[in-house]
Amino acid sequence: MPAVAEHSAAELREFLVTGQISVEELTRDTLRRIEERDPQLQAYNDVYPELALNRARELDKAKDKSRFPLFGIPLALKDNLCTTFGRTTCSSRILSNFQSPYTATAVSRLIDAGAVVLGKTNMDEFAMGSSTENSRFKITRNPWDTSRVPGGSSGGSAAAVSARLCAAALGSDTGGSVRQPAAFCGVVGLKPTYGSVSRFGLVAYGSSLDQIGPITQNVTDCALLMGVIAGHDPKDSTSVAGAVPDYLRSIDTPINGMTIGIPREYFTDALDEETAKRLDTAMAVFRDLGAAPVDVSLPTSRIDRDPSGELSSFAVACYYIIAMAEASSNLSRYDGVHYGTRSGENIQDIIELYERSRSDGFGEEVKRRIMLGTYALSSGYYDAYYLKALKVRRLIKADFDRAFQRCDLLLAPVSPTAAFKIGEKIEDPLTMYLQDIYTLSLNLAGLPGLSIPCGFTRDRLPIGMQLIGPVFSEPALFRAGRCYEKASGFSRLSPPGADAGRRSST
Amino acid sequence: VSTRDQAFSKGTDTVLSVIGLEIHVQLSTESKLFCGCANRFGDPPNTLICPVCLGLPGALPVLNEKAIDLSIKVGLALNCRVADRSIWDRKSYYYPDLPKNYQISQYDHPLCTEGYLEIPGDTRSGESAVKKIRIRRAHLEEDAGKNVHDNPSHTGVDLNRAGVPLLEIVSEPDLNSPDEVLLYARAVQRLVRWLGAGSADMEKGQMRFEPNVNLHITRKKPPWPMRSNASTTNGRWIPALIPRIDWGNRIVDTTTTADSRYFSGRRRRLTIIGIFRIPIWCR
């Protein structure tokens with residue numbers, strides 16, 4: 001019987017539509033896997049067995065199954081996507097019992113396309129972090145090495161896809177939160193172009209940066225999910241109008257003649273040696289496929305090492321000022337008054353109610369970002385920080401525009417190293433922030449980035465690489481990613497313990 | 001200094017009043033500024049609400065174009081320059097009737113700027129027949145809800161009004177007496193009604209005022225006691241506009257300021273000799 005452990009979402013759909021397996025059977029099988037593996041991995045905050053099975057039985061009765069692009073596909077959702085079923089917690093105490101009265105547009109589209117939602121996955125609180133250790137609920141483990149983090153903030157979704165506790169998942173990416181966990185867990189993740197996926201129902205962190213993106217086993221699945229969730233939504237004014245391209249149509253078109261830029265600022269001693277080596281090999285694969293490398297420069301994204309050996313970059317400074325400023329405003333609504341957790345007894349006045357609820361409700365990192373963001377926006381400092389950061393952001397965007405005059409796509413690392421140990425960086429927020437040095441520039445510039453596996457470290461931890469394109473170049477990213485995946489064989493990587501796993505180029 | 005400017009004078013002391021007025025006008029759109037909820041007065045509490053105007057997690061604002069149209073209409077009637085490009089800002093403050101704890105408003109790129117409105121001048125004192133009151137700006141913002149204090153044990157919050165489009169018309173400090181404030185306020189009210197932009201009914205809170213009153217006092221002694229001149233006007237407007245200035249005794253600032261505790265009920269008193277800036281909330 002075909003099972004979630006052995007097949008991609010696109011393959012499973014074929015089996016389901018042709019009736020080789022029923023949706024109920026597949027759902028049961030996947031729920032069984034969750035029951036077995038999740039107590040160790042802790043990828044899910046909540047699983048909805050009853051809801052999923054009811055939905056599965058309903059789908060099994062559907063007539064015209066082939067009209068559903070995701071017919072019967074078991075999916076997981078990051079816990080910052082609003083659903084009328086279950087809780088929407090953002091892995092935060094302040095929303096630990098919050099039930100949304102509406103469902104996010106991206107989620108509705110998946111459900112309308114025939115998907116079965118299994119549950120909500122763990123994340124860094126309010127998507128603030130790079131290891132999922134900032135969750136107020138639990139520590140998610142990397143399926144490749146359970147002493148390591150799955151990355152973050154969409155760590156639960158990436159771990160669930162990697163361990164086949166779902167066929168695919170949704171995450172959100174504000175500075176790398178889809179791409180970095182995808183790389184750490186050996187799966188594929190897309191941060192779409194700003195405006196291509198509706199964010200209605202995505203709990204806001206940095207509104208000018210956030211995008212919802214798919215996390216999948218391979219590039220084809222990523223294109224499949226993207227085709228379902230993309231497109232204009234009248235409820236999100238930042239979602240672009242116009243037809244959604246058929247991402248799957250040209251996905252197998254060869255890439256000969258394509259030019260791939262290598263940003264020289266990304267290949268410095270800041271990058272781990274093993275990762276650098278794997279990216280060299282990847283470029284060789286692209287060359288064999290007929291793509292030509294071009295040397296390009298992204299000066300504003302330059303990564304420096306200061307005298308003490310610490311890494312720094314304009315882009316990182318710019319990003320954190322903007323992200324924290326927006327976060328401080330977006331999170332002001334969580335105050336214990338209208339909904340969410342209200343803390344304290346014998347509260348004297350409204351100020352005390354605010355103070356107690358927010359002090360208890362938010363974790364350390366969230367509080368840190370709210371305070372830094374509030375500072376950056378306060379009068380007297382606004383020009384020096386926030387306004388300056390907006391100017392730097394423009395320069396970063398201009399760098400990319402210039403680079404894309406000389407090439408079709410860019411090849412870049414996803415993170416400086418492969419998955420690190422649980423507890424290794426959590427005490428040092430600044431080191432944690434540097435996880436995003438190769439990913440956050442895209443969010444600042446609004447560009448799409450595809451994170452795909454490109455090999456392993458000596459310790460057999462997955463390494464990811466990033467393909468970056470101009471706005472709305474997702475079709476080209478999928479094409480290049482798919483061609484690479486086929487040629488390299490790094491597709492549908494299975495971590496140890498994901499039974500009946502295989503490493504092949506399906 | 002005209003005789004009207006000396007309305008506050010007593011004996012040899014001269015007090016020049018310099019008044020600017022912020023007028024909030026609710027626009028009579030069918031739905032609210034950023035969501036599809038009905039814009040209506042008098043419904044049972046919390047019946048005209050949705051995830052957007054409740055500020056629920058993940059909800060996003062979608063602009064009501066009709067509100068922009070009506071604002072531009074009013075702006076043009078006020079002889080304003082209408083911006084080609086306008087920007088929304090978030091004004092942050094924590095208050096239970098403000099569900100997101102920020103108000104979507106316009107700060108440095110308002111919809112309308114640099115207009116004026118003419119009111120009758122005081123010809124008896126030799127002024128020309130019309131007086132131009134300059135309009136600094138007219139910007140659009142969302143209204144807050146209402147805190148309801150009808151129960152001693154708790155405060156209720158009604159969010160029916162949250163998100164209703166509000167046009168804030170800010171004059172320059174060109175008004176020099178309560179008479180002029182009255183003339184100007186009535187002119188704006190008439191204009192808004194004529195244009196069909198709003199009902200501007202004060203009883204329903206559809207038109208609200210925030211005067212900024214400065215008194216320039218030309219003597220060294222503190223200015224009180226002063227005689228109220230509210231009696232010189234007959235309308236009920238003056239008490240509505242300037243309700244908390246105790247003209248007969250001394251001048252107090254009735255605004256609870258940003259750094260004070262909102263619900264403490266304590267009023268801060270400002271007694272600065274020379275120039276007074278007295279913002280007054282007239283909700």
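Below, chains carry the letters A, B, ... as their sequence lines are ordered, and counting in each starts from 1. Values reported hereafter were calculated over all heavy atoms of this structure, with side chains retained and with hydrogens, waters and symmetry mates removed.
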Contact check, side chains of B/Leu60 and A/Arg199, non-hydrogen atoms, under 4.5 Å: yes
Heavy-atom closest pair, residues A/Asp236 and B/Val62: N-CG2, 4.4 Å
Spacing of B/Asn101 atom CG and A/His338 atom NE2 [to the nearest 0.5 Å]: 7.0 Å
Nearest-0.5 Å distance that lies between atom CZ in B/Arg90 and atom CG in A/Leu377: 10.0 Å
Side-chain donor or acceptor of B/Tyr102 paired with backbone N/O of A/Arg333 under 3.5 Å: no
B/Arg81 CZ: over 12 foreign heavy atoms closer than 6.0 Å: no
Within 6.0 Å of OH in A/Tyr385, more than 12 heavy atoms from elsewhere: no
Heavy-atom proximity to chain A below 4.5 Å, by part of B/Leu159: side chain
Closest-packed option against chain B by number of heavy-atom pairs under 4.5 Å, given A/Gln348, A/Lys235, A/Arg358: A/Arg358
Segment of A/Asn80 engaging chain B (4.5 angstrom heavy-atom cut-off): neither
From CD1 (A/Ile351) to OH (B/Tyr94), nearest 0.5 Å: 10.0 Å
More than 12 heavy atoms of other groups within 6.0 Å of A/Lys367 NZ: yes
Validation row: B/Pro57, A/Tyr334 side chains within 4.5 angstrom (heavy atoms): yes
Side chain A/Tyr102, main chain B/Gly58, donor-acceptor under 3.5 Å: yes
Segment of A/Phe200 engaging chain B (4.5 angstrom heavy-atom cut-off): both
Side-chain touch B/Leu56/A/Ser100, heavy atoms, less than 4.5 angstrom: no
Atom of A/Ser237, atom of B/Pro61 and distance for their closest heavy-atom approach: OG-O, 3.6 Å
Interchain contact, A/Val337 with chain B, by part (heavy-atom threshold 4.5 Å): side chain
Side-chain touch A/Tyr354/B/Pro96, heavy atoms, less than 4.5 angstrom: yes
Heavy-atom contact with chain B under 4.5 Å, split by part of A/Ser207: side chain
Side chain, backbone, both or neither of A/Ser329 within contact of chain B (heavy atoms, under 4.5 Å): both
